[in-house]
Amino acid sequence: MGASGSRPVVQIVTAHQQKEGAGFVVRRPVPTHGLEHIDPFLMLDEVGPVTYAPGAAIGAPDHPHRGFQTVSYILSGQKLHEDSTGKTQLIGPGDVQWMTAGAGIVHSELPGPTFKSTGGLAHGFQIWVNLPTRDKYATPGYQYIHANDIPKAVSTDGRIDITVIAGEAFGVTASIGTYTPIWLQDWRMQPGATAQIETDSSFNVAAYVFEGEVRFGPDETPVTRGQMAVMGNGSQLQVNTDPKATVSRLLLLAGAPLNEPVARYGPFVMNTQEELVAAVQDYQAGRMGTIVRE
Ligand code: MN
(Lines give C-alpha, C1' and ligand atoms only; values in the text may rest on other atoms or scores of the structure.)
Protein backbone atom coordinates (compact mmCIF):
# COMPACT_ATOMS: atom_id res chain seq x y z
CA MET A 1 0.00 0.00 0.00
CA GLY A 2 0.99 3.59 -0.44
CA ALA A 3 2.67 2.97 -3.78
CA SER A 4 2.53 5.75 -6.31
CA GLY A 5 2.03 5.38 -10.02
CA SER A 6 -0.42 3.57 -12.23
CA ARG A 7 -2.21 0.55 -10.81
CA PRO A 8 -1.57 -2.68 -12.75
CA VAL A 9 -4.18 -5.39 -13.25
CA VAL A 10 -3.24 -8.17 -10.82
CA GLN A 11 -6.18 -10.52 -11.30
CA ILE A 12 -8.90 -11.07 -13.90
CA VAL A 13 -11.94 -13.04 -12.79
CA THR A 14 -14.52 -14.35 -15.22
CA ALA A 15 -17.92 -14.21 -13.54
CA HIS A 16 -19.54 -17.59 -12.95
CA GLN A 17 -23.27 -17.97 -13.35
CA GLN A 18 -25.54 -19.23 -10.60
CA LYS A 19 -29.13 -19.05 -9.45
CA GLU A 20 -30.41 -16.77 -6.70
CA GLY A 21 -33.75 -15.96 -5.06
CA ALA A 22 -36.61 -17.83 -6.69
CA GLY A 23 -34.26 -19.07 -9.42
CA PHE A 24 -33.05 -16.09 -11.48
CA VAL A 25 -29.59 -16.31 -13.01
CA VAL A 26 -26.81 -13.96 -11.94
CA ARG A 27 -23.21 -13.46 -13.02
CA ARG A 28 -21.04 -13.29 -9.90
CA PRO A 29 -17.37 -12.31 -10.19
CA VAL A 30 -17.06 -11.97 -6.42
CA PRO A 31 -17.15 -13.99 -4.24
CA THR A 32 -15.72 -16.69 -6.44
CA HIS A 33 -12.99 -19.31 -6.15
CA GLY A 34 -9.79 -17.39 -5.48
CA LEU A 35 -11.51 -14.11 -4.68
CA GLU A 36 -13.46 -14.15 -1.40
CA HIS A 37 -14.05 -10.40 -1.35
CA ILE A 38 -12.55 -7.11 -2.44
CA ASP A 39 -12.57 -5.46 0.97
CA PRO A 40 -15.00 -3.75 1.67
CA PHE A 41 -16.99 -5.23 -1.26
CA LEU A 42 -18.44 -8.63 -0.33
CA MET A 43 -20.36 -9.48 -3.47
CA LEU A 44 -21.18 -8.27 -6.96
CA ASP A 45 -24.06 -9.80 -8.90
CA GLU A 46 -25.02 -8.84 -12.43
CA VAL A 47 -28.68 -9.82 -12.61
CA GLY A 48 -29.66 -10.75 -16.17
CA PRO A 49 -29.93 -9.47 -18.80
CA VAL A 50 -32.96 -11.72 -19.13
CA THR A 51 -36.20 -11.17 -21.03
CA TYR A 52 -39.34 -12.29 -19.22
CA ALA A 53 -42.70 -13.14 -20.78
CA PRO A 54 -45.74 -11.39 -19.25
CA GLY A 55 -46.29 -12.70 -15.70
CA ALA A 56 -43.04 -14.71 -15.68
CA ALA A 57 -40.62 -12.36 -13.85
CA ILE A 58 -39.30 -13.63 -10.51
CA GLY A 59 -37.30 -12.18 -7.63
CA ALA A 60 -36.31 -12.85 -4.02
CA PRO A 61 -39.20 -13.24 -1.53
CA ASP A 62 -38.92 -12.30 2.19
CA HIS A 63 -35.40 -12.85 3.57
CA PRO A 64 -33.19 -11.24 6.25
CA HIS A 65 -29.84 -9.44 6.26
CA ARG A 66 -27.55 -8.25 9.05
CA GLY A 67 -24.14 -6.62 9.33
CA PHE A 68 -23.65 -4.96 5.93
CA GLN A 69 -25.31 -2.97 3.13
CA THR A 70 -27.01 -4.09 -0.07
CA VAL A 71 -26.99 -1.83 -3.12
CA SER A 72 -29.47 -2.31 -5.96
CA TYR A 73 -28.75 -0.54 -9.26
CA ILE A 74 -31.36 -1.22 -11.92
CA LEU A 75 -30.49 -0.83 -15.63
CA SER A 76 -33.72 -2.22 -17.05
CA GLY A 77 -36.90 -3.50 -15.45
CA GLN A 78 -38.45 -2.64 -12.12
CA LYS A 79 -38.00 -3.95 -8.58
CA LEU A 80 -40.47 -3.73 -5.72
CA HIS A 81 -38.79 -3.58 -2.30
CA GLU A 82 -40.79 -4.11 0.89
CA ASP A 83 -39.23 -4.38 4.35
CA SER A 84 -39.80 -5.02 8.04
CA THR A 85 -39.45 -1.32 8.92
CA GLY A 86 -42.72 -0.80 7.03
CA LYS A 87 -41.23 0.80 3.93
CA THR A 88 -42.10 0.08 0.31
CA GLN A 89 -40.02 1.27 -2.64
CA LEU A 90 -40.34 0.87 -6.39
CA ILE A 91 -36.89 0.91 -8.01
CA GLY A 92 -36.90 1.60 -11.76
CA PRO A 93 -34.35 1.91 -14.59
CA GLY A 94 -31.32 3.94 -13.51
CA ASP A 95 -32.46 4.12 -9.90
CA VAL A 96 -30.33 3.16 -6.89
CA GLN A 97 -31.34 1.83 -3.51
CA TRP A 98 -28.52 1.76 -0.95
CA MET A 99 -29.82 -0.27 2.01
CA THR A 100 -28.26 -0.57 5.44
CA ALA A 101 -29.21 -3.95 6.90
CA GLY A 102 -27.26 -3.07 10.04
CA ALA A 103 -28.78 -4.69 13.13
CA GLY A 104 -31.20 -6.63 10.97
CA ILE A 105 -33.93 -6.24 8.38
CA VAL A 106 -36.27 -8.55 6.51
CA HIS A 107 -37.04 -7.49 2.96
CA SER A 108 -38.42 -8.79 -0.31
CA GLU A 109 -37.08 -7.94 -3.75
CA LEU A 110 -39.75 -8.80 -6.31
CA PRO A 111 -40.62 -7.59 -9.82
CA GLY A 112 -42.65 -4.38 -9.73
CA PRO A 113 -46.34 -4.94 -10.54
CA THR A 114 -46.21 -3.16 -13.92
CA PHE A 115 -43.07 -5.01 -15.01
CA LYS A 116 -44.49 -8.31 -13.77
CA SER A 117 -47.59 -7.96 -15.93
CA THR A 118 -45.91 -6.66 -19.09
CA GLY A 119 -42.68 -8.64 -18.88
CA GLY A 120 -39.60 -7.40 -20.72
CA LEU A 121 -35.89 -6.96 -20.18
CA ALA A 122 -34.56 -7.25 -16.61
CA HIS A 123 -30.95 -6.19 -16.05
CA GLY A 124 -29.16 -4.72 -13.08
CA PHE A 125 -26.71 -5.12 -10.25
CA GLN A 126 -26.70 -6.03 -6.60
CA ILE A 127 -23.60 -5.15 -4.61
CA TRP A 128 -22.93 -6.07 -0.97
CA VAL A 129 -20.84 -3.53 0.91
CA ASN A 130 -19.43 -4.52 4.30
CA LEU A 131 -19.91 -2.38 7.39
CA PRO A 132 -17.12 -1.76 9.90
CA THR A 133 -17.48 -3.50 13.26
CA ARG A 134 -18.63 -0.29 14.92
CA ASP A 135 -21.58 0.06 12.50
CA LYS A 136 -22.69 -3.57 12.07
CA TYR A 137 -25.66 -2.96 14.36
CA ALA A 138 -26.65 0.38 12.79
CA THR A 139 -30.33 1.22 12.51
CA PRO A 140 -31.73 -0.49 9.38
CA GLY A 141 -33.00 1.69 6.54
CA TYR A 142 -32.14 2.81 3.03
CA GLN A 143 -31.30 5.69 0.76
CA TYR A 144 -33.17 5.78 -2.55
CA ILE A 145 -32.08 7.94 -5.47
CA HIS A 146 -34.12 8.31 -8.63
CA ALA A 147 -32.12 8.00 -11.87
CA ASN A 148 -32.54 11.72 -12.65
CA ASP A 149 -31.10 12.71 -9.27
CA ILE A 150 -27.85 10.72 -9.45
CA PRO A 151 -24.90 13.05 -10.16
CA LYS A 152 -23.33 12.61 -13.63
CA ALA A 153 -19.76 13.37 -14.65
CA VAL A 154 -17.94 13.58 -17.98
CA SER A 155 -14.29 12.65 -18.47
CA THR A 156 -11.69 15.21 -19.51
CA ASP A 157 -11.66 13.84 -23.08
CA GLY A 158 -15.46 14.03 -23.23
CA ARG A 159 -15.79 10.36 -24.20
CA ILE A 160 -16.84 8.84 -20.88
CA ASP A 161 -20.21 9.47 -19.23
CA ILE A 162 -20.14 8.54 -15.56
CA THR A 163 -23.02 7.92 -13.20
CA VAL A 164 -21.55 8.77 -9.81
CA ILE A 165 -23.48 6.53 -7.43
CA ALA A 166 -20.83 6.84 -4.72
CA GLY A 167 -17.52 8.66 -4.40
CA GLU A 168 -16.28 11.25 -6.88
CA ALA A 169 -15.30 11.49 -10.54
CA PHE A 170 -13.96 14.43 -12.55
CA GLY A 171 -14.98 16.96 -9.93
CA VAL A 172 -18.45 15.52 -9.38
CA THR A 173 -19.33 14.15 -5.93
CA ALA A 174 -22.04 11.58 -5.22
CA SER A 175 -25.05 12.51 -3.15
CA ILE A 176 -25.33 9.18 -1.39
CA GLY A 177 -23.76 8.78 2.05
CA THR A 178 -21.55 5.85 3.04
CA TYR A 179 -20.13 4.75 6.40
CA THR A 180 -16.61 4.40 5.03
CA PRO A 181 -14.99 5.82 1.85
CA ILE A 182 -16.60 4.00 -1.11
CA TRP A 183 -16.73 4.60 -4.84
CA LEU A 184 -19.36 2.95 -7.00
CA GLN A 185 -19.70 4.28 -10.54
CA ASP A 186 -21.13 3.30 -13.93
CA TRP A 187 -18.73 4.32 -16.71
CA ARG A 188 -20.09 4.42 -20.27
CA MET A 189 -17.12 4.69 -22.63
CA GLN A 190 -17.21 5.73 -26.28
CA PRO A 191 -14.67 4.17 -28.70
CA GLY A 192 -11.23 5.73 -28.26
CA ALA A 193 -11.93 6.98 -24.74
CA THR A 194 -9.01 7.45 -22.39
CA ALA A 195 -8.73 8.58 -18.78
CA GLN A 196 -6.34 8.62 -15.88
CA ILE A 197 -7.83 9.25 -12.45
CA GLU A 198 -6.48 9.58 -8.95
CA THR A 199 -7.53 6.74 -6.64
CA ASP A 200 -6.46 7.05 -3.00
CA SER A 201 -3.50 4.70 -2.64
CA SER A 202 -5.11 3.08 0.42
CA PHE A 203 -8.15 2.00 -1.64
CA ASN A 204 -8.84 -1.40 -3.08
CA VAL A 205 -9.90 -0.91 -6.72
CA ALA A 206 -11.69 -3.22 -9.15
CA ALA A 207 -13.76 -2.85 -12.31
CA TYR A 208 -16.41 -5.14 -13.76
CA VAL A 209 -16.89 -4.84 -17.52
CA PHE A 210 -20.50 -5.48 -18.57
CA GLU A 211 -20.39 -4.32 -22.18
CA GLY A 212 -17.61 -4.34 -24.77
CA GLU A 213 -13.94 -4.33 -23.77
CA VAL A 214 -11.85 -1.96 -21.64
CA ARG A 215 -8.06 -1.83 -21.17
CA PHE A 216 -6.61 -1.07 -17.76
CA GLY A 217 -3.29 -0.08 -16.28
CA PRO A 218 0.15 0.73 -17.72
CA ASP A 219 0.12 -2.51 -19.77
CA GLU A 220 -3.34 -1.74 -21.22
CA THR A 221 -4.56 -5.16 -20.10
CA PRO A 222 -7.78 -5.98 -22.00
CA VAL A 223 -10.82 -7.00 -19.95
CA THR A 224 -13.96 -8.17 -21.72
CA ARG A 225 -17.66 -8.35 -20.96
CA GLY A 226 -18.38 -10.55 -17.92
CA GLN A 227 -14.89 -10.13 -16.44
CA MET A 228 -13.73 -8.28 -13.36
CA ALA A 229 -10.26 -6.73 -13.17
CA VAL A 230 -8.68 -6.37 -9.73
CA MET A 231 -6.06 -3.63 -9.58
CA GLY A 232 -2.83 -3.67 -7.61
CA ASN A 233 -1.06 -0.93 -5.71
CA GLY A 234 -0.78 2.55 -7.07
CA SER A 235 -2.34 5.97 -6.83
CA GLN A 236 -3.82 6.27 -10.35
CA LEU A 237 -6.08 4.22 -12.55
CA GLN A 238 -5.63 4.30 -16.32
CA VAL A 239 -8.42 3.15 -18.64
CA ASN A 240 -8.97 3.28 -22.38
CA THR A 241 -10.99 1.73 -25.17
CA ASP A 242 -10.18 0.76 -28.75
CA PRO A 243 -11.01 3.58 -31.22
CA LYS A 244 -12.57 1.00 -33.56
CA ALA A 245 -14.63 -0.80 -30.91
CA THR A 246 -18.21 -0.22 -29.79
CA VAL A 247 -19.47 1.43 -26.61
CA SER A 248 -18.09 -0.23 -23.47
CA ARG A 249 -19.43 -0.07 -19.95
CA LEU A 250 -17.94 -0.87 -16.59
CA LEU A 251 -18.85 -0.72 -12.95
CA LEU A 252 -16.02 0.81 -10.91
CA LEU A 253 -15.70 -0.38 -7.32
CA ALA A 254 -13.19 1.28 -5.02
CA GLY A 255 -12.98 1.79 -1.31
CA ALA A 256 -10.95 1.89 1.86
CA PRO A 257 -10.48 -1.67 3.15
CA LEU A 258 -11.89 -2.39 6.61
CA ASN A 259 -9.16 -4.93 7.42
CA GLU A 260 -11.47 -6.70 9.88
CA PRO A 261 -12.37 -10.40 10.15
CA VAL A 262 -15.21 -11.47 7.83
CA ALA A 263 -17.58 -14.22 8.98
CA ARG A 264 -20.39 -14.95 6.49
CA TYR A 265 -23.35 -17.24 6.58
CA GLY A 266 -25.91 -16.74 3.81
CA PRO A 267 -27.53 -13.33 4.30
CA PHE A 268 -25.51 -12.44 7.41
CA VAL A 269 -21.99 -10.95 7.43
CA MET A 270 -20.38 -10.42 10.82
CA ASN A 271 -16.90 -10.60 12.36
CA THR A 272 -17.18 -13.88 14.32
CA GLN A 273 -18.96 -17.25 14.24
CA GLU A 274 -20.67 -16.39 17.54
CA GLU A 275 -22.20 -13.31 15.94
CA LEU A 276 -23.47 -15.44 13.05
CA VAL A 277 -25.14 -17.86 15.49
CA ALA A 278 -26.74 -14.90 17.24
CA ALA A 279 -27.94 -13.55 13.88
CA VAL A 280 -29.65 -16.82 12.98
CA GLN A 281 -31.25 -17.01 16.45
CA ASP A 282 -32.42 -13.40 16.33
CA TYR A 283 -33.92 -13.90 12.87
CA GLN A 284 -35.65 -17.15 13.84
CA ALA A 285 -37.04 -15.52 16.99
CA GLY A 286 -38.53 -12.73 14.86
CA ARG A 287 -36.24 -10.05 16.29
CA MET A 288 -35.47 -8.73 12.79
CA GLY A 289 -39.18 -8.18 12.27
CA THR A 290 -41.51 -9.29 9.52
CA ILE A 291 -43.01 -7.60 6.49
CA VAL A 292 -46.57 -6.55 7.25
CA ARG A 293 -48.74 -6.55 4.13
CA GLU A 294 -52.32 -5.28 3.97
MN1 MN B 1 -31.75 -9.05 -0.10
Side-chain angles (χ1 to χ4, degrees), residues 15 17-32 37 40-48 50 57-92 95-113 115-116 122-131 135-145 165-166 176 178-179 182 184 208 251 253 262-270 275-276 279-280 282-284 286-293:
Q17 296 198 10
Q18 70 175 67
K19 288 187 173 175
E20 275 301 313
F24 55 88
V25 172
V26 302
R27 283 187 176 83
R28 179 173 294 172
V30 60
T32 193
H37 63 165
F41 299 96
L42 297 161
M43 188 187 85
L44 170 63
D45 276 356
E46 180 185 0
V47 183
V50 56
I58 52 175
D62 306 14
H63 61 279
H65 294 291
R66 171 182 278 180
F68 62 104
Q69 299 181 305
T70 67
V71 181
S72 296
Y73 175 40
I74 306 296
L75 299 173
S76 180
Q78 182 190 55
K79 181 193 278 196
L80 173 65
H81 159 102
E82 296 177 284
D83 71 43
S84 52
T85 74
K87 293 234 171 78
T88 295
Q89 183 69 58
L90 269 177
I91 310 165
D95 299 354
V96 170
Q97 183 203 45
W98 196 294
M99 185 180 86
T100 299
I105 196 167
V106 175
H107 77 154
S108 62
E109 303 166 83
L110 297 170
F115 182 74
K116 176 86 175 180
H123 193 198
F125 291 98
Q126 169 128 156
I127 301 103
W128 287 11
V129 178
N130 207 358
L131 285 170
D135 295 316
K136 281 198 174 289
Y137 293 90
T139 304
Y142 63 80
Q143 301 167 79
Y144 164 78
I145 309 189
I165 299 169
I176 213 148
T178 59
Y179 282 84
I182 301 272
L184 179 64
Y208 177 71
L251 206 61
L253 295 83
V262 175
R264 358 179 15 148
Y265 179 75
F268 308 123
V269 184
M270 305 303 292
E275 290 168 334
L276 290 178
V280 172
D282 286 347
Y283 169 57
Q284 289 175 344
R287 287 191 284 268
M288 294 183 190
T290 54
I291 303 175
V292 178
R293 296 183 172 90

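If you read the sequence from its start, that first residue is 1, and numbering goes on from there. We count ligands from 1, going down the list as the structure has it; atoms in each ligand are counted the same way.
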What N/O/S atom of His65 gets nearest to the Mn ion (ligand 1)?
NE2
Closest approach to the Mn ion (ligand 1) by Glu109, given as the N, O or S atom name
OE2
Please report the C-alpha distance between Leu184 and Val71 in whole Å, then the side-chain angles of each, then the deciding distance to 0.1 Å, and finally whether the side-chain contact (heavy atoms from CB on, under 4.5 Å) criterion is met.
CA-CA 10 Å; Leu184 179 64; Val71 181; 3.9 Å; yes
Go through Glu20 and Arg28 one step at a time and tell me if the salt bridge (charged side-chain N to carboxylate O under 4.0 Å, His left out) criterion holds.
CA-CA 10 Å; Glu20 275 301 313; Arg28 179 173 294 172; 3.2 Å; yes
To check your reading of the site, what angle at the Mn ion (ligand 1) do NE2 of His63 and NE2 of His107 form, to 10°?
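Rounding to the nearest 10 degrees gives 90°.
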Just checking His107 against Tyr142, ring centres under 6.0 Å apart?
no
Without hydrogens or angle criteria, can the side chains of Gln126 and Glu109 be said to hold a donor-acceptor pair below 3.5 Å?
yes
